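Because the structure is a prediction, the values reported are computed rather than measured. Whatever order the structure lists them in is the order used to number ligands and atoms, beginning at 1.
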Amino acid sequence: MSGQTKDILKVAMPKGRIYKVASKLFREAGLPIPSDFDDTRKLIIELPEVGMEFIMAKPVDVPTYVEYGVADIGIVGKDVLMEENKDVYELLDLGIAKCRMSVIGLPDWKPTMNPRVATKYPSVASAYFRELGQQVEVIKLNGSIELAPMIGLADRIVDMVETGQTLRENGLVEMESIFGITSRLIANRVSYRMKNDVIQGLCDRLQATLAKRE
Ligand code: PRP
């Protein structure tokens, strides 16, 4: 690693819906992210004028990049953080990309002998039903989770609800909300010590921006 890259703060940014609100927050905090970055297919975006480099990651992989230190910090939803359970510091609740983790089913759902729950979050779902003392078979899917109860793969799902539109359009109902979700700023443990000034400085700027929003 060259002396110069050592000083660059590497930020794992989730591609997709969180990127939009996160880049807006960063801009409000005075970090000049050019708007043409919003639609780029580039995976590494250099921002030399602010000493940063964005690593454009699949959201679920952000904690992995940060845990291994290839990114110093990252932005990630609490849903992914709970599911992945990586060894990272959770520095700040950014309050963006608000949604919730819920148990969802068909309106006429009734308890069955061998309940099956489909989800992108097997660890979160298993822990939830274990705590309730309910035995369920958890089936891992990677997307379009709402299909599972509609076509008889599972009788319920555990998934994220944001606007509720997906549920409404597919005739499903939210049965129980498990926890609220917002995006968090996370840091690699070693980076947090080695680059404390710059990471803490960014945290303070973001916190001040969030306070102004309120
Ligand atoms: C997520 C989630 C729900 C939907 C909730 O899916 O899994 O399906 O968004 O949002 P809503 O309440 O605003 O409708 P995503 O769009 O990430 O796609 P996926 O089905 O491929 O996981």
Side-chain angles (χ1 to χ4, degrees), residues 11-26 37-43 54-66 71 74-86 88 90 93-109 115-132 134 136-186 213:
V11 186
M13 273 289 206
K15 292 193 283 188
R17 65 171 106 189
I18 300 181
Y19 177 78
K20 288 198 178 78
V21 280
S23 55
K24 186 166 181 275
L25 175 67
F26 272 47
F37 283 177
D38 292 358
D39 302 312
T40 183
R41 303 287 291 178
K42 277 189 80 163
L43 296 174
F54 285 179
I55 296 161
M56 304 303 288
K58 198 173 154 81
V60 69
D61 293 332
V62 166
T64 304
Y65 295 126
V66 174
I75 293 181
V76 64
K78 186 70 179 175
D79 52 332
V80 171
L81 218 44
M82 299 274 285
E83 179 64 25
E84 295 298 311
N85 198 23
K86 301 286 186 193
V88 294
E90 189 179 323
D93 182 350
L94 299 172
I96 55 174
K98 265 198 187 122
C99 51
R100 55 197 180 272
M101 186 69 71
S102 296
V103 182
I104 292 153
L106 289 164
D108 59 358
W109 175 84
R116 292 199 301 224
V117 173
T119 186
K120 258 189 291 197
Y121 305 91
S123 174
V124 164
S126 300
Y128 173 73
F129 286 106
R130 201 181 313 120
E131 233 166 75
L132 290 181
Q134 292 180 22
V136 300
E137 179 185 349
V138 173
I139 302 172
K140 163 88 198 272
L141 292 177
N142 295 298
S144 302
I145 315 299
E146 290 81 0
L147 274 174
M150 297 166 71
I151 59 177
L153 175 65
D155 54 333
R156 284 168 294 171
I157 62 172
V158 167
D159 200 17
M160 231 181 70
V161 180
E162 189 176 9
T163 61
Q165 189 182 346
T166 313
L167 299 188
R168 282 192 297 278
E169 290 193 8
N170 292 288
L172 296 166
V173 292
E174 204 174 345
M175 304 163 82
E176 188 86 58
S177 168
I178 307 180
F179 58 85
I181 300 168
T182 46
S183 298
R184 311 297 161 110
L185 184 71
I186 58 171
R213 276 184 173 187

Of the non-hydrogen atoms in Ala154 and Ala118, which two are nearest, and what is the gap between them? CB-N, 3.6 Å
Using distance alone, decide if ligand 1 has a nitrogen or oxygen within less than 3.5 Å of any nitrogen or oxygen in Asn142. no
Atom CD1 of Ile157 and atom CG of Leu172: how far apart are they, to the nearest 0.5 Å? 6.0 Å
If you compare all heavy atoms of Gly152 against all heavy atoms of Arg116, which two are closest, and at what distance to 0.1 Å? O-NH2, 3.6 Å
Would you mind checking which non-hydrogen protein atom is closest to atom 14 (O) of ligand 1, with the distance to 0.1 Å? Thr166 OG1, 2.4 Å
Given Thr119, Asp159, Asp79, which one has a non-hydrogen atom that is nearest to atom 2 (C) of ligand 1? Asp159
Minimal non-hydrogen separation, Tyr65 against Ala57, with atom names: CE1-CB, 3.3 Å
Among all protein heavy atoms, pick the one closest to atom 6 (O) of ligand 1 and tell me residue, atom and distance. Arg17 NH2, 3.7 Å
Given the options Glu169, Arg168, Glu162, Gln165 meets side chain to side chain donor-acceptor pair (under 3.5 Å) only with Glu169
Nearest non-hydrogen contact with atom 10 (O) of ligand 1 belongs to which option: Glu162, Met101, Arg100, Glu146? Glu162
Gly171 and Leu106 have their tightest heavy-atom pair at O-CD2, 4.1 Å
Kindly confirm or rule out an N or O of Gly164 lying under 3.5 angstrom from an N or O of ligand 1. yes
Measuring from Ile55:CD1 to Asp61:CG, what's the distance to the nearest 0.5 Å? 12.0 Å
Nearest heavy atom to atom 20 (O) of ligand 1 wins, so pick from Cys99, Gly16, Ser144. Ser144
Which of the atoms in ligand 1, numbered in the order shown and given with their element, are less than 4.0 Å from a heavy-atom of Thr163? 11 (P), 12 (O), 13 (O), 14 (O)
Closest to atom 18 (O) of ligand 1 (judged by heavy-atom distance), picking from Gln165, Lys120, Met160, Arg168: Lys120
For Val161, counting its heavy atoms only, list the atoms of ligand 1 lying under 4.0 Å from any of them. 12 (O)
Indicate whether any N or O donor in one side chain lies under 3.5 Å from an N or O acceptor in the other, for Ser102 and Glu174. yes
Examine ligand 1 and decide if any of its atoms is less than 4.0 Å from a heavy atom belonging to Glu169. no
